[in-house]
Amino acid sequence: MSLASQDTELDSFPKLLLRNAEKIGDHTANREKEFGIWQSWTWREVCDNVHDLACGFAALGLKRGDRMVIVGDNRPHLYWSMVAAQAIGAIPVPLYQDSVAEEMAYVVEHAGARFAMVEDQEQTDKMLLIQEGYRDLETIIYEDERGMRDYAQDFVYSYTAVQALGRDFAAKNPNFFRESIAETKGEDIAIMVYTSGTTGKPKGVILSQNNLVIQGRNAAQQEQLTEKEELIAYLPMAWVGDNVFSLAQSYVAGFCVSCPESQATVIADTREIGPTYFFAPPRIFENLLTNVLIRMEDAGSLKRKLFDYFMKVARKVGPEILDGKQVGFKDRLLYALGDLVIYGPLKNTMGYSRIRVAYTAGEAIGPDIFLFYRALGINLKQIYGSTEASVFVTIQPDGEIKADTVGKPAKGVELQIAENGEVLFRSPGVFIEYYKNPEATKETKDAEGWVHTGDAGLIGPDGHLKIIDRAKDVGRLNNGTMFAPKFLENKLKFFPQIKEAVAFGNERDQVCAFVCIDLEAMGSWAERNNVPYASYQELAADAKVLEIIKEKVEQVNMDLANDPLLSDSQIHRFLVLHKELDADDGELTRTRKVRRKIINERYGSLIKALYEGAASGYIETEVSYEDGRKGMISADLTILDAKTFPKATNSAAA
Amino acid sequence: MSAVEALDSNDAVPEGRHFGDVILKVDNISLSFGGVKALTDISFEVLEHQICAIIGPNGAGKSSMLNCINGFYKPQVGQITYKGKTVKHMRPHEAAKKGIARTFQNIALFKGMTTLDNIMTGRMLKMQKGLFWQALYWGPAQKEEIEHRAKAEHVIDFLEIQAIRKTPVGRLPYGLQKRVELGRALAMEPDLLLLDEPMAGMNVEEKEDMCRFILDVNQEFGTTMVLIEHDMGVVMDISDKVVVLDYGRKLGDGPPDEVRNNQEVIDAYLGVSHD
């Protein structure tokens, strides 16, 4: 029996940590690449580290119920601080590490944090800045000593100093650690995560130990995760998913979590670790596929032909073989050969050779992309979830994988569709409340515990959930037909040449769109076709580039024409934006979702130009550089008309 | 000259900065190539832990000055005192052994080698084992290599170039190549670092990164630096002392604020005609 199904009475992370240190103490719990070498810690060593930290926190005055913000890249030490805080009943509040100080200040103040555990000098500086306006932030602890020599403030401590304090404290209070862990219980608040918020200020979602532990355990049982899994932790710690995958499930199932050297080395580090359990948003799979295709175009003709031939084989039979369905002997043989010469080496370069379970979620994934990975024999599945659900709402069960659904309810989850089409769910993972925001809590969670997701969806006859769009974004064209912007945008974004798209149409006669090109894909095309360009803006305005984008838009229109519900949503006019939409400019959320309101405000003149039938639109936008300074860029953008297609005739009866 | 005396000369120490004794003293250096006078009677000194910037218009003799310091050019007149030892002609390899490292205006890396290998070349001088052991590899040379690799990895970590550790430098963008070159110089664990236009050709963001690294190196390792830079904003921000050259002559030196208001300097930069 795997560890995930044992000790189900243990209801908190610190308790599970003690169990792991006892039962699989010599098993590697964490790895981090530093100075070019993977450093590793066993469960016992992790337990010792957490012990010293927890005692150190206590010595510094961290108490039950206090909030501690955690800021940094994925580092074992930061994960340990979270569990150490939980061990004494304090509440870790992980923040997005690339937020600027003002963004963090809101959360730090709203959460009422007294302690901050940060990764390095950069984050310490942000906390010191916040502390000037928010005096309740009493103690700052940093992990990386670099550049910290001249910080004389007496409330700034290094990680090692805190651990030393902790050892002194433990010498005087030898039973403190275990006693305070024994006091933790399932109803305790485990973490507060702030949702990035597509509208308004972020909300602090309170999740209990039970939420995370039970939800993590259920999914781990469903996927039969064991202590032998390997996971790479590279998505922001402030995101609920990372807390479930890298903390809850690792602690429940006892598997090892590895932290990459830096954000830039994730791909290389993934290759070295060879994860067996993996999560990535669709964007990452898209980028990787784009990379593979670009590199294949540069390969010799023999390699290219082999790749094309065997990918055809894989597309035909790969997904079936993975689902365990019947496949003819000849195809099986060809697939085995393909595995030898193409799929195996390709998976190895991507670092996906050992994957047993891979998830993607957050956005719709292009069917071509999804099937590409399945065809290679990678068990990629879609899940649907949210912060309020402690991630899992639906999971695609093995053998029932479909490109256009997000699967069936996960273990312990009840699902229903409201009358207005909104997806509702109820599960042990349902959050307790939004911190200091009872109205929002009431709006989202009704008296019977059903959570309103805000997503419009439908459940098919096969029991699979299909998500269409955000319920509030689904609008109507003036002729009354449904307009689902995200559905259109996703269709556009499934082309590798298009990175981002924004569709307009609610309460209008026709649909128009903004498109952002993908610099990598278009840049590679430009190089190949001798199209000179000096900047993103120049490439985006190139006539040949516009021609390519036009082709793609028209392809989408052709697709839409065949869909009786959406054929009126064909894109009539579009333009290619002169800059990428950017989270720093507030145009996307940190999880890269389009903020429609802000786009409408900033690009109002362009939208007007689109609908007025002008041949071009002038725009001046403010951009934020990475250091926080602002600049202006301006451009004259060409507006193009796209060909639209008549409604498919066979749907006339509908 | 002691540190206290140094204070009395025009090097006022900015708040929070601590300098040591004079580490480099340049006395009456004159250098000419045939009839061309590259440097005429240049004197200045640099204190330990100081960041000293040499500025001046094109052809003012800035790079020649650096080349004299690390012994690549031999000045006809004058002498250079480094760590209390006066030499007429320093040879480049002696300079390197004494702890002077430098980077070049036009990147001088081994383009076909990886970042890591390039940085490891910076450790060459510190390797003790001879050709025989190195050729054999196993045994003492391996142990030595591991030690040096660890140092190189610290440099890589410091400069945050982990992602390009195994990338041939010829494939890297210019800004990163500059950073690798700084890495190679740092791998020598120098006492005096000469940087020839470390930020030339960089965009604003790359420049800021480079400034950060220069300040970090100076703070963490106490490395003394002499750098040539054209971006006045950068010079005024990061240097403790500025030496201004024009047509091979020194127009003045001192703390940035003082130099900024020097009329001769303003004239040179605004291009007043010279008689």
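Because the structure is a prediction, the values reported are computed rather than measured. Proteins get letters first, then strands, A, B, ... in listed order; numbering begins at 1 in each.
In this structure, chain A has a heavy atom under 4.5 Å from the side chain of B:Val204, while its backbone stays farther away. For B:Asp216, the part lying near chain A is the side chain, with the backbone staying farther off; criterion is any non-hydrogen pair under 4.5 Å. Contacts between B:Glu208 and chain A at a heavy-atom distance below 4.5 Å involve the side chain alone, from C-beta outward.
A 6.0 Å sphere centred on CZ of A:Arg295 holds no more than 12 heavy atoms belonging to other residues, nucleotides or ligands. Environment of CG in A:Leu289: crowded, with over 12 heavy atoms of neighbouring residues, nucleotides or ligands closer than 6.0 Å. Taking a 6.0 Å sphere around NZ of B:Lys166, one finds it holds 12 or fewer heavy atoms contributed by other residues, nucleotides or ligands. Atom CD of B:Glu206 has more than 12 heavy atoms from other residues, nucleotides or ligands within 6.0 Å. The neighbour count for B:Gln142 CD, taken as heavy atoms of other residues, nucleotides or ligands under 6.0 Å away, is above 12.
To the nearest 0.5 Å, atom CD1 of residue B:Ile161 and atom OG of residue A:Ser262 are 11.0 Å apart.
Under the 4.0 Å criterion applied to side-chain N and carboxylate O atoms, A:Arg146 and B:Glu160 are assigned as salt-bridge partners.
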Given the rule in the side chain to side chain contact (heavy atoms under 4.5 Å, CB included) test, do A:Lys33 and B:Gln162 qualify, once you have shown the distances and angles that lead to the verdict?
CA-CA 10 Å; A:Lys33 196 170 184 190; B:Gln162 297 98 332; over 6 Å; no
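Evaluation of the side-chain hydrogen bond (donor to acceptor under 3.5 Å, both in side chains) rule for B:His230 yields B:Glu197 as partners, not counting sequence neighbours. Residues that satisfy the salt bridge (Lys or Arg N to Asp or Glu O under 4.0 Å) test with B:Asp196, not counting sequence neighbours, are B:Arg102.
Taking the side chain as every heavy atom from C-beta outward, A:Arg149 and B:Glu220 approach each other to under 4.5 Å. Proximity of B:Arg212 to A:Gln121: side-chain heavy atoms (C-beta onward) are separated by under 4.5 Å at one or more points. Residues A:Glu34 and B:Glu153 are not in side-chain contact: their nearest non-hydrogen atoms beyond the backbone lie 4.5 Å or more apart.
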